[in-house]
2 protein chains.
Amino acid sequence: MRIGELCQATGVGIETIRYYEKEGLIPAPARTDNGYRNYGSAHLERLSFIRHCRALDMPLAEIKRMLGFVAHPDADCGDINRLIDEQLARVRVRLKSMRALEKQLSQLRAHCGAGHTAAECGILHELVAAAQGEACACHTKAP
Amino acid sequence: MRIGELCQATGVGIETIRYYEKEGLIPAPARTDNGYRNYGSAHLERLSFIRHCRALDMPLAEIKRMLGFVAHPDADCGDINRLIDEQLARVRVRLKSMRALEKQLSQLRAHCGAGHTAAECGILHELVAAAQGEACACHTKAP
DNA sequence: AAAAACCCTGTAGTGACTTCAGAGTCAATA
DNA sequence: TATTGACTCTGAAGTCACTACAGGGTTTTT
Ligand SMILES: [Zn+2]
Ligand SMILES: [Zn+2]
Ligand SMILES: [Zn+2]
Ligand SMILES: [Zn+2]
């Protein structure tokens with residue numbers, strides 16, 4: 001199959017496929033007489049595997065390691081575990097900061113009623129106050 | 001104050017400070033006789049503001065817009081609202097995909113008991129199966 | 001025969017930095 | 001005084017995972 005067909009079959013962009021080849025994630029395929037890349041089913045499977053790992057947000061370097069495990073089935077499984085654990089840890093860290101971020105932004109958004117100038121805007125006041133390490137007046141509990 | 005002191009005061013790396021100057025986020029400061037950058041308190045405040053916005057994961061382009069609002073307090077506040085809303089929307093999209101990711105990775109991790117080879121590893125099997133669009137046997141409900 | 005659609009290589013751009021090379025300046029020490 | 005070490009300067013290149021050209025060649029369709 002040609003590169004466009006592989007693109008259709010997997011949903012991976014043509015440029016991305018060539019990029020993966022250059023980066024050594026998929027092996028260089030044979031070429032037809034006119035120089036076009038000629039892929040087989042092994043390429044399709046490998047590319048699907050890569051995209052599935054990417055959907056789990058694994059960096060390409062880790063996907064390479066993962067492909068190494070696929071190629072060497074006698075290796076110790078503990079390494080695979082560690083790889084997934086690291087990825088999970090990274091995702092959890094980011095998830096935590098995303099949650100905090102959402103909270104901060106929602107609170108910030110609540111500072112603005114509509115229809116006034118920037119000088120009167122609670123959002124801007126809040127951001128400036130926060131940058132100065134001060135708490136906004138609205139956050140001090142009423143006695 | 002010199003760039004190293006500003007770095008100490010804000011926790012922003014020296015190279016990052018110079019980068020912000022190059023990108024036009026902070027104005028070029030005066031220089032001392034030897035050519036060293038000489039910052040004042042206005043720079044410190046502006047840099048703190050920028051970092052606070054960055055902590056909210058705003059892109060530099062939006063921070064520039066935000067700084068524009070600070071500089072023009074007579075502008076309409078609605079633009080500020082829209083900017084925050086857009087940012088909040090982006091964060092919520094990413095938060096959602098992060099949650100899904102965490103779930104997928106946890107499930108994947110549960111496929112591996114310890115102490116076997118890669119060939120026997122449920123994680124690898126699962127990834128390969130998923131790449132082929134098949135459901136793993138363990139996911140079919142028992143009758 | 002002409003046009004559209006496909007393919008090739010190689011380079012450069014994205015965002016928000018980080019790192020490096022190579023050089024100059026300043027305070028404190030041997 | 002010489003020299004170490006800490007600080008600063010500029011400009012270029014590297015990071016990640018693509019994405020978008022530019023400038024050609026080939027195949028298929030009209
Ligand atoms: Zn407002
Ligand atoms: Zn407040
Ligand atoms: Zn296992
Ligand atoms: Zn399963």
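Every chain is numbered from 1, with letters handed out A, B, ... down the list of sequences. Quick note: numbers below take in every heavy atom, side chains included, and nothing from hydrogens, waters or symmetry partners.
Using a 4.0 Å cut-off between a side-chain N of Lys or Arg and a carboxylate O of Asp or Glu, B:Arg18 and B:Glu23 do not qualify as a salt bridge. Salt-bridge check for B:Asp79 with B:Arg82: passed, with a basic side-chain N closer than 4.0 Å to an acidic carboxylate O.
If you measure from atom CD of A:Glu21 to atom P of D:dC18, you get 15 Å, rounded to the nearest angstrom. Going from atom CD of A:Glu15 over to atom C1' of C:dT11 covers 12 Å, rounded to whole Å. Computed from coordinates, the A:Ile26 CD1 to D:dC18 P distance equals 12 Å when rounded to whole Å. If you measure from atom CD1 of A:Ile50 to atom P of D:dA17, you get 12 Å, rounded to the nearest angstrom. Atom CG of A:Asn38 is separated from atom P of D:dT27 by 13 Å (rounded to the nearest Å). What separates CD1 of B:Ile3 from P of D:dC7 is a distance of 13 Å, to the nearest Å. The separation between B:Ile17 atom CD1 and D:dC7 atom P is 14 Å, rounded to whole Å. Between A:Ile14 atom CD1 and C:dT9 atom C1' the separation is 14 Å, expressed in whole Å.
Summary for the helix from C:dA1-D:dT30 to C:dA30-D:dT1: the axes at its two ends, each from 5 pairs, differ by 30° when rounded to the nearest 10 degrees.
Side-chain atoms of B:Arg54 come within 3.5 Å of backbone atoms of B:Met58 as a donor-acceptor pair (strictly under, hydrogens ignored). For the pair A:Thr10 (side chain) and A:Leu6 (backbone), a donor-acceptor distance under 3.5 Å is present. Distance alone, capped at 3.5 Å, places no donor-acceptor pair between the A:Glu102 side chain and the B:Leu88 backbone. A:His43 places no side-chain N or O within donor-acceptor distance of the main-chain N or O of A:Tyr39, the cut-off being under 3.5 Å.
OP1 or OP2 of C:dT9 has at least one side-chain nitrogen or oxygen of A:Arg37 nearer than 4.0 Å.
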Given side-chain contact (heavy atoms from CB on, under 4.5 Å), test B:Met66 with A:Ile123 step by step and report yes or no. CA-CA 10 Å; B:Met66 209 77 198; A:Ile123 290 179; 4.0 Å; yes

How far apart are the C-alpha atoms of A:Arg109 and B:Asp85, what are their side-chain angles, what is the distance that settles it, and do they pass the side-chain contact (heavy atoms from CB on, under 4.5 Å) test? CA-CA 7 Å; A:Arg109 182 61 180 80; B:Asp85 283 342; 2.6 Å; yes

Could you go through the salt bridge (Lys or Arg N to Asp or Glu O under 4.0 Å) check for B:Arg37 and B:Glu21 one step at a time? CA-CA 11 Å; B:Arg37 287 173 179 81; B:Glu21 180 181 330; 2.8 Å; yes

When you compare the protein's N or O atoms with those of nucleotides 25-27 of chain C, which come within less than 3.5 Å of each other, and at what distance?
unit_1	atom_1	unit_2	atom_2	d
C:dC26	OP1	B:Asn34	ND2	3.0

Just the atom pairs and distances: protein N or O near nucleotides 15-17 of chain C's N or O, under 3.5 Å.
unit_1	atom_1	unit_2	atom_2	d
C:dA16	OP1	B:Leu60	N	3.4
C:dA16	OP2	B:Leu60	N	3.4
C:dC17	OP2	B:Tyr20	OH	2.8
C:dC17	OP2	B:Arg54	NE	2.9

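Here the options are A:Leu60, A:Ile14, A:Leu25, the test is side chain to side chain contact (heavy atoms under 4.5 Å, CB included), and the partner is A:Tyr19; only A:Leu60 passes.
If A:Arg18 and B:Arg18 are placed on DNA chain C by their nearest nucleotide, the residue sitting closer to the 5' end is A:Arg18.
You'll find the side chain of B:Lys103 reaches within 4.5 Å of the side chain of B:Gln107, heavy atoms only.
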